[in-house]
There are 2 protein chains.
Amino acid sequence: MAQNCRFAFAVHVLSALALSEDGAMNSEQLAETVNTNPVVIRRLLLDLREADLLVTQRGPGGGAKLAHPAAQISLAQIFKAVSGEFQLFGEHPNEPAKACCVGRSIKTVLEGVAHKAAQCVEQEYAAISLADVVKQLQNN
Amino acid sequence: MAQNCRFAFAVHVLSALALSEDGAMNSEQLAETVNTNPVVIRRLLLDLREADLLVTQRGPGGGAKLAHPAAQISLAQIFKAVSGEFQLFGEHPNEPAKACCVGRSIKTVLEGVAHKAAQCVEQEYAAISLADVVKQLQNN
DNA sequence: CCAATTTGTAACATACACTGTTACTTAATT
DNA sequence: AATTAAGTAACAGTGTATGTTACAAATTGG
């Protein structure tokens, strides 16, 4: 459903930081392991910093490092930081016809459905920590 | 996450059919209540017919009607019919660097995460029937 | 059989979002 | 002061979605 890969990139970046020697990596190193452009990484870092998941440092020897231990960072936090709220499907782009009883309230009903599903996914993601991901990476 | 509104349109269309007088409506009538183009509706009808959720009829007096009672159609069936499998986030578009242990197995780990979340959403949607949606529409 | 109607389908237009890229500014270290 | 790296703006290229027109295929009723 989410067409973008920002969440995948973000988990990759944070895992790499968790596993790096001194805990810090710059955008060029991160871009290399993710296989993308450093600017794409820096844009991601801004969102992750905004969510208090990492800190950045300019200048020589700068880069990014985790703001908290990996066990205290959940996939739900990461997802929200880079992709906003959980949205499982697109809404009506045009307003449905109000003349029909379906058109009048379909959006409200679908919002309820989307909300329940989003809660379900959020719980699932909240139960998985970055440390869990790192552990799995090491066992592969 | 799903950027497209095919699921919303599909639920709308099927609800309208469930609530229609004689159980049948043509693509023009459906397009009017959804507020889109009849061809968009007909493309949707093809997928819903393929999934055995409705039947279509050409020629004068033709149109679409439900293939089963609304209580026997779940939102999970509708979702799969028009949007394919549940996919909660996009994967790496480019292959991550295999030199780093994160790059080597991040895709596998993320697949596992996506699978668990997808199961969770599917269960949620499977528990809601078209009849439930119609009931909510009538109470609004 | 003929005319009207409606689905089925191809082709294209338009809009939008996302990734990637270049180039430059700002800040921090030595 | 020079170097390094993040921050940021602007734009290119790609892909996907909705919407639209036009026509083919099938079905019904007279």
Side-chain angles (χ1 to χ4, degrees), chain A residues 1-10 12-13 17 20 22-50 53-65 67 82-84 87 89-97, chain B residues 1-10 12-13 17 20 22-50 53-65 67 82-84 87 89-97:
Chain A
M1 313 175 174
Q3 65 295 21
N4 73 22
C5 57
R6 288 169 58 81
F7 176 64
F9 281 5
H12 190 142
V13 161
L17 290 176
S20 74
D22 63 348
M25 291 175 73
N26 65 30
S27 65
E28 195 166 354
Q29 297 169 316
L30 290 168
E32 194 176 355
T33 171
V34 173
N35 190 18
T36 184
N37 188 288
V39 176
V40 172
I41 297 295
R42 291 205 285 270
R43 288 198 282 240
L44 210 52
L45 294 181
L46 290 177
D47 288 338
L48 295 170
R49 189 186 63 177
E50 177 83 13
L53 300 183
L54 52 75
V55 292
T56 58
Q57 170 77 30
R58 297 205 213 193
K65 63 181 174 184
V82 300
S83 299
Q87 193 193 344
F89 55 84
E91 300 170 8
H92 278 63
N94 311 323
E95 203 62 26
Chain B
M1 311 177 172
Q3 65 296 21
N4 73 23
C5 58
R6 288 169 58 80
F7 176 64
F9 281 5
H12 190 142
V13 161
L17 291 176
S20 74
D22 63 349
M25 291 176 73
N26 65 32
S27 65
E28 194 165 354
Q29 296 169 317
L30 290 168
E32 194 176 356
T33 172
V34 173
N35 190 18
T36 184
N37 189 288
V39 175
V40 172
I41 297 295
R42 291 205 285 271
R43 287 198 283 240
L44 211 51
L45 295 181
L46 290 177
D47 287 338
L48 295 170
R49 189 186 64 177
E50 177 82 14
L53 299 183
L54 52 75
V55 291
T56 57
Q57 170 76 31
R58 296 205 212 194
K65 63 180 173 184
V82 300
S83 299
Q87 193 193 344
F89 54 85
E91 300 170 7
H92 278 63
N94 311 322
E95 203 62 25

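Chain naming here is simple, since letters A, B, ... match the order of the sequence lines and numbering starts at 1 in each. The structure presented is a predicted model; accordingly, all values stated were derived computationally and were not measured.
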Hey, where on DNA chain D does chain A first and last touch, going 5' to 3'? Cut-off is any atom under 4.0 Å from a heavy atom.
dT3(D) to dG19(D)
Applying side chain to side chain contact (heavy atoms under 4.5 Å, CB included), run through Leu44(A) and Val40(A) and close with a yes or a no.
CA-CA 6 Å; Leu44(A) 210 52; Val40(A) 172; 5.8 Å; no
Check the phosphate of dT5(C) against Gln57(B), side-chain N and O only, distance under 4.0 Å to OP1 or OP2. Yes or no?
no
Atom pair CG (Leu54(B)) and CG (Asp47(B)), whose distance is rounded to the nearest 0.5 Å
10.0 Å
Here the pair of heavy atoms bringing Pro96(B) nearest to Asn35(A) is CA-CB, 4.2 Å
How many whole angstroms separate atom CG of Leu44(B) from atom P of dG8(C)?
12 Å
Can you measure from CE (Met25(B)) to OG1 (Thr33(B)) and round to the nearest 0.5 angstrom?
6.5 Å
When every non-hydrogen atom of Asn4(A) is compared with those of Ser83(A), the smallest separation belongs to OD1-OG, 4.0 Å
Between Leu45(B) and Arg42(A), which has a closest nucleotide on DNA chain C that is more 5'?
Leu45(B)
Minimum heavy-atom separation for Arg42(A) and Ser27(A), please, with both atom names.
NH1-OG, 3.1 Å
From the candidates dT29(C), dT6(C), dG20(C), the one with an atom nearest any side-chain atom of Pro60(A) is dT29(C)
Take atom CG of Leu46(B) and atom C1' of dT7(C), then tell me their distance rounded to the nearest Å.
8 Å
Tell me the interatomic distance from Asn26(B), atom CG, to dT5(C), atom P, rounded to whole angstroms.
12 Å
For a quick test of reading the model: is some side-chain N or O of Thr56(B) closer than 4.0 Å to OP1 or OP2 of dT6(C)?
no
How close do Leu30(A) and Leu17(A) get, counting heavy atoms only, and between which atoms?
CD2-CD2, 4.4 Å
Hey, which of these two, Asn94(B) or Met25(B), hits DNA chain C nearer its 5' end, going by closest nucleotide?
Met25(B)
Under a 4.0 Å heavy-atom cutoff, the residues of residues 29-40 of chain B touching DNA chain C are Val39(B)
Would you say the side chain of Arg58(B) and the base of dT7(C) hold a donor-acceptor pair, judged only by whether the two atoms sit under 3.5 Å apart?
yes
How long is the line joining NE2 of His92(B) and P of dG20(C), in whole Å?
10 Å
Would you give the length of the straight line joining atom CG of Leu46(A) to atom CD1 of Ile41(A), rounded to the nearest 0.5 angstrom?
11.5 Å
Could you tell me if the side chain of Val39(A) sits less than 4.5 Å from the side chain of Arg43(A), heavy atoms only?
yes
For Ala31(B) and Asn37(B), which heavy atoms make the closest approach, and how far apart are they?
CB-C, 3.8 Å
Measure up the Phe9(A) and His92(B) rings against each other and bin them: parallel (under 30°), tilted (30 to 60°), perpendicular (over 60°).
perpendicular
Rounded to whole Å, CG of Asp47(A) lies from P of dT19(C) at a distance of 11 Å
Starting at CG of Leu48(B) and ending at P of dG8(C), how long is that distance when rounded to a whole Å?
11 Å
Sugar-phosphate atoms are those with a prime plus P, OP1 and OP2; base atoms are the rest. Using that split, label each nucleotide of nucleotides 12-18 of chain C B, S or - for protein heavy atoms under 4.0 Å, 5' to 3'.
-----SS
Distance-minimising heavy-atom pair for Arg49(A) and Thr56(A)
NH1-OG1, 3.2 Å
